[in-house]
Every structure is written in structure tokens, then in C-alpha cells.
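Heads up: the structure comes next, in C-alpha cells.
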Amino acid sequence: MAEPVVSLRALSRRFHGPESPPVLDRIELDIAAGEFVALLGRSGSGKTTLLRTLAGLDLVTEGKAILPSRSAVVFQEPRLLPWKPVWQNVALGLRGSAARTRERALNALGEVELTHRAEAWPLTLSGGEAQRAGLARALVREPELLLLDEPFASLDALTRLRMQSLVSELWAAHRPAVLLVTHDVEEALLLASRVLVLANGRFIDDVAVPLPRPRRRSAPGFDALRLRLLAALGVDEDGHDAAAKAA
Amino acid sequence: MSGQAIAVPVAPPRVSRPRSTWKLSGARRLLVPILLVALWQGAADAGFVSTRLLAPPNAIAVAAWELIVSGELPYHLLVSLQRVAIGLAIALSAGVSLGLIAGLSKLGEDAVDATLQMLRALPFLALVPLFILWLGIGEATKIALVALGATFPIYLTLFGGIRGVDPKLIEAGRIFGLDRWGLIRHVVLPGALPQALVGLRYALGTAWLSLVVGEQINATAGIGFLVMDAREFLRIDIILVGLLVYALLGLGADQLVRMLERRALAWRPSLIQEG
């Protein structure tokens, strides 16, 4: 295997001093170039903390991390600057001449089918449009690592389906390494080549998803994987809390 | 939207209104003031109100016309406007500099904020005697009063606006490669602008107030002088013209800032803007 894009070794993170319980507990993680990894976990399992570390937002204090020089994030809420038109949001922080950055921004907007909204103010966008603008802003940087922090969570079901296939297509076209943080087991199985399950700051499962693309929920093997991941998350098929039932 | 709002138990939802109703509602809002003026005129004509104590509207109009034709009103107006302009320019430079210093760094906040909050607690008009002793009774005192009064709202709103910028946007800016200066320019300052413009409007209000007080201190020109001078000669009509001019100036300044807001804050959805 080629040099991994991300390499974490014994990475721990605590919020309240060296004696406090770790939020991330001696994490080991390699993500290969072009690999699509989904990260599942319940609220409070440390997903967001791990993503922030990979984005370079939090400094590494315990353990080692090798991170790519170019990474980009799509957040759960779009986080567009409301006082800049969409294309300027996409071009934010890009270096180079004004004409060139504008052209790059418009190209990226074209890839997410948002060219017609390039001059619009962000607060006039629909939820799906805003997330596509966020996606364009990440893509325009040609990241080696694309971090998606529950980017579809606040979208309606139909928009979410369209966004998922858009992300899938863009990944196939550009092949960045992707880490998708999500609650949604089916979403993870529809998109990722590998699914990690995080609980109490440790990976408790690491599942390869060998299903052919484009993925279908009806594909053989899909349901077995879904049940396995749900079990790892501590939820049974009907959505009951497995631990609570056992008790 | 209906004429019988009293009969309707629940107000209809205020959606953004089309232009034509806007104009109509503008005319409707003028109706009551016009009626009041007519009533005032009628009462004066019928002899219910002593014209020596309260000049009727037509007398005020005549006085205003005479003052304009003689060049007195334009002259005094210019003097007053100049005082406000210089005072505001000082207030803007001071308020913006201090707001930036306190807003952009913790060190700056510790150095500036406590002092300014203490000064603010002091009603600035109480400083008039001190200013007169320090600066004399000339222009300097009047301008200093305007400048002092207008500095605080500019400082406070800019400081508050800078500190109120969504930290998530700042974080996003950092991720997408903005350095400190880039963050200030693209994220912090535009984010603080709506608040700062509200501050500017307050500042204009205080500036007029300070001007009125300042111009009553031994002025030899300005709208305030015109009013004080008219008092000596019991010219109620001229006093009322002066008050009218103050009111119009205040209104005009407010409109100016609103226009500025419409241009600078075009990104806000129209509902927020018209609300």
C-alpha cells in the first residue's frame, strides 16, 4: 500500500488536564490515499474530536499524527460567510490572481450544479444549496483529505439522497481520501469503502464494505453489514437500546 | 393590512409587502401629523390658542421663509452642521480605533474597556462646566461635547459586534486558510458591521443632543444661537423654526445611515432589513 494520507499513532486527547478521562484513547488510524472511510458513533463517542484533530483545529498533545498539508472540511451547518456572495465564499482563502480564483470557484460551483447561484447571497440559499456551496468550497482546494462532519444531517430526506449521490460522484471523479462522520448506518454503507465504529474514544469495529458501486440498499450483503454495525453501536434491529434490553 | 385593525383579534402575519402598499402606508402614516397641524392651525385661527405663546403653523412658515431669504438660516445651519461634522469625525476616529483595539485583543480590552465603561457611566453633559474651564466658551467646547457624546455608542457597538461574531465562522475561515489579518478583514469586521451601524445611528442622535446643549453656551452662531436669540425677543415663531430644523436634521441623519445600511448590508434577507 502506498504512503497513507493520514496516520495516527497512540493518539489521545483529554479536555481537562492529564489526569482526566480521555475523549480519544490511544487511537490508531491509517487512511490510504483515495480511501472513503465512514466514522460511526453515538453522540459523545469522540467523533467530532477526532475530526477536529484531523482538520488540524486541535493540537496533538499525546501520540503522533501525520496529516496531509491540504485538507478541507464540510460542516454540518454550512458556515458560509453571509456577507460574501456564494462564489466569494468558495474562493475564500485561495491564493492567486482575482480572475483565476474566480474561475476556479465557478468551476467548483459547476461541479455541484450551483453555477446559477454564484452571485447569490448565502442567506437566500436553500439548505441543500448551502451544503453544495460548502462542498464546492472544500473541493476547490483539491484536498488530499476531505472531512465531512455530518454534512447531510440537517437536510430533508430527498435532498439528502441527492447530496449523497453527488458526494459519491465527486469522490469517484477526484479521489480524495474522505472521512465522513455520521450517525446514519445506511449512509455509511452507501458511500464508504470502510466503516469505523467509535465508542468511548476507541475504535470497536473496523468493517470493509466490499459491495459494488453504485450501492443499493437491496444489494446482497447490505443488510448483514447494517445489522453488524447497528449491533456494534448497541442498537438492535428495531431501534431498541441493546444494553437496556439486556439489563 | 386592513383598515379595521381593531376589529381583527389577531394581527395578520407581516409578510414582505409589495411596493405599492408600501407607498400607500407611507401616505397613511403622514395622515395623523397633517391632521394635527391642521387642528393646531384651526385652533389658533379660532382664537383658542394664544398666538403669543404658540405661533400657528402659517406664522412659522412665514418666519422660516424670511429666515431663508435673508440668508440667516442657511448661515446658522452651516455653522451647526460644521460643528457636528467635526465632532462626529473625531468621535468616529476615536470610537473605531478604541473599538478595534478592545475588540481584537484581550490585552486591548483590559487596557481600554474598563476605563471607557467608567467614563460612560458619567453623564457626559455633566462635563460642560469642566469643558468651559478647560477649553473656553468657543468652538472647542461645542465640538468636544459632540465628539465625547458620539464616541461611546460607536465604541460600544463596534466592540460588542466584534466579540459577537460567530466563532464557528472564524473557525471555518481558519480552516480555509485565512491568516489573522484575513480573518479580521473577511470575517470579523463584516460580521461586526451591522452592530456598528446601529451604533452610528445612536451616535448621530447623541451628536444632535450635544449640539443643542453646546450651542446654548454663549454661541454667536448656529441654530442654537438662533433659538436663544429669538427667546430674547419673544419670537416664538423663530424658536419653533429652530426646533423644526433640529428635528429635520435628526431625521435626515437617520435616513442617511439607513441608506448606508441598505447598501452595506445588502446581504441580509429583506425581511430582517425591513423589520
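Just so we're on the same page: letters track the sequence lines, and every chain starts at 1. Heavy-atom basis, side chains included; hydrogens, waters and symmetry copies ignored.
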Under-4.0 Å salt bridge between [X] and [Y]:
| X | Y | result |
| --- | --- | --- |
| A:E28 | A:R9 | yes |
| B:K142 | B:E215 | no |
| B:D179 | B:R185 | no |

[X] atom [atom1], over 12 foreign heavy atoms within 6.0 Å:
| X | atom1 | result |
| --- | --- | --- |
| A:F203 | CZ | yes |
| A:N200 | CG | no |
| A:H116 | NE2 | yes |
| B:L30 | CG | yes |

Do you know which two heavy atoms are closest between B:V146 and B:L88, and how far apart they sit? CG1-N, 4.1 Å
Checking heavy atoms, do the side chain of A:R52, its backbone, both or neither come under 4.5 Å from chain B? side chain
Any donor and acceptor pair, going by atom type alone, linking the side chain of B:S93 with main-chain N or O of B:A89 inside 3.5 Å? yes
Testing B:V84, B:L211, B:L81 one by one against B:L249 for a side-chain contact (heavy atoms from CB on, under 4.5 Å), which residue passes? B:L81
Any residue of residues 76-97 of chain A which, by heavy atoms, sits under 4.5 Å from chain B: A:E77, A:R79, A:L80, A:L81, A:P82, A:W83, A:K84, A:L92, A:G93, A:R95
Tabulate, in ascending numerical order, the residues of residues 130-161 of chain A having at least one heavy atom closer than 4.5 Å to a heavy atom of chain B, or enter 'none'. A:R137, A:A138, A:R141
